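Here is the structure we will look at.
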Amino acid sequence: SQTQLFLVPTGAGEARQLTNDAINHVDARWFPDGNRILFLGNERGHGPRLFVQALSGGHDARPVSPEGIGGIGEISPDGKFVAAVAPDHKLMLYPIEGDLPPRPVSGAMPNDALIRWHSDNHTLYVYQRGEFPTKIYQLDIESGRRELWKELRPSDMTGVFSYPQIKIASDGKSYAYSYYRNLSQLYLVEGLK
């Protein structure tokens, strides 16, 4: 059986099933208009891809990306594009409506990881996976201009090897991050026979 999506009220009321299809639903995001969701899912025998589903019901999920997409991506503030990592590991913009083809993000580099859109609707926050300390860049999707925004550096970098969560407010005025640290101790034992 496939995992389906449900709308669960935060107060009184009953859960409402949003999907009833042959897609295994993995992750979901709300569109800014609150009337649609973007979800990552896969049909049996196929790779993961992005779908759009209306909340009004009666509409089948519509694919907006090719198979093999690298995660759910981020919806633009105007709801017209999804920025996501394509099967070839390039950062792409997938249009939600119309017949426009997907296009690569200008200025994106191999190994860029996507954090989110800025509220200005033309800037993405990205960083290079595996880079320590981690530098976060603002990337203008039209001009390709890439500008250093912040450098994440805990006060003690000893044993830091990954940033599993980096969150930035849409206006860029605040941020939070977590990191994994692996520490060990070495003991010297003398006089054993």
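Below, all heavy atoms of this structure are taken into account, side chains as well, without hydrogens, waters or symmetry copies. If you're wondering where the values come from, they're calculated on a predicted model, not measured in any experiment. Sequential numbering from 1 along the given sequence is applied to the chain's residues.
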Is there a donor-acceptor pair under 3.5 Å between the side chain of Thr19 and the backbone N or O of Asp21?
no
Residues Arg16, Glu14; criterion salt bridge (Lys or Arg N to Asp or Glu O under 4.0 Å); working and verdict:
CA-CA 6 Å; Arg16 185 180 87 172; Glu14 294 187 26; over 6 Å; no
Scanning both residues in full, the closest heavy-atom pair of Ser76 with Pro32 reads O-CG, 3.7 Å
Could you check if a side-chain atom of Tyr94 sits within less than 4.5 angstrom of a side-chain atom of Val52, using non-hydrogen atoms only?
no
Test salt bridge (Lys or Arg N to Asp or Glu O under 4.0 Å) on Arg36 and Glu97 and set out the steps.
CA-CA 12 Å; Arg36 299 171 293 166; Glu97 302 293 340; 3.3 Å; yes
Can you name the nearest heavy-atom pair linking Leu40 to Pro48, along with the distance?
CD1-CB, 3.8 Å
Judged by atom type as modelled, is there a donor-acceptor pair below 3.5 Å linking the side chain of Asn24 to the main-chain atoms of Thr3?
yes
Using 0.5 Å steps for rounding, measure from the CD atom of Gln53 to the CG atom of Leu5.
8.0 Å
Donor-acceptor pairs under 3.5 Å, side chain of residues 169-180 to any protein atom, not counting sequence neighbours: which ones?
| residue | atom | partner | partner atom | Å |
| --- | --- | --- | --- | --- |
| Asp171 | OD1 | Lys173 | N | 2.9 |
| Tyr179 | OH | Arg181 | NH2 | 3.2 |

Keeping Asp140 on the side-chain end and Arg145 on the backbone end, is there a donor-acceptor pair under 3.5 Å?
no
Side chain to side chain, Arg146 and Asp112, heavy atoms closer than 4.5 Å:
yes
CD/Gln128 to CD1/Ile136 distance, rounded to the nearest 0.5 angstrom?
12.5 Å
Check whether Asn121 reaches the backbone of Asp78 with its side chain - one donor and one acceptor, N or O, closer than 3.5 Å.
yes
Kindly indicate, with the supporting measurements, whether the criterion side chain to side chain contact (heavy atoms under 4.5 Å, CB included) is fulfilled by Ile23 and Phe39.
CA-CA 10 Å; Ile23 301 170; Phe39 69 85; 3.8 Å; yes
His122 and Glu142 side chains, donor-acceptor separation under 3.5 Å:
no
Gap between atom OH of Tyr137 and atom CH2 of Trp149 - 0.5 Å precision
13.5 Å
Leu139 side, atom CG; Tyr127 side, atom OH - distance, nearest 0.5 Å
14.5 Å
Are any side-chain N or O atoms of Ser65 and backbone N or O atoms of Arg49, one a donor and one an acceptor, separated by less than 3.5 Å?
no
Pair Arg62 + Asp60: basic N to acidic O under 4.0 Å:
no
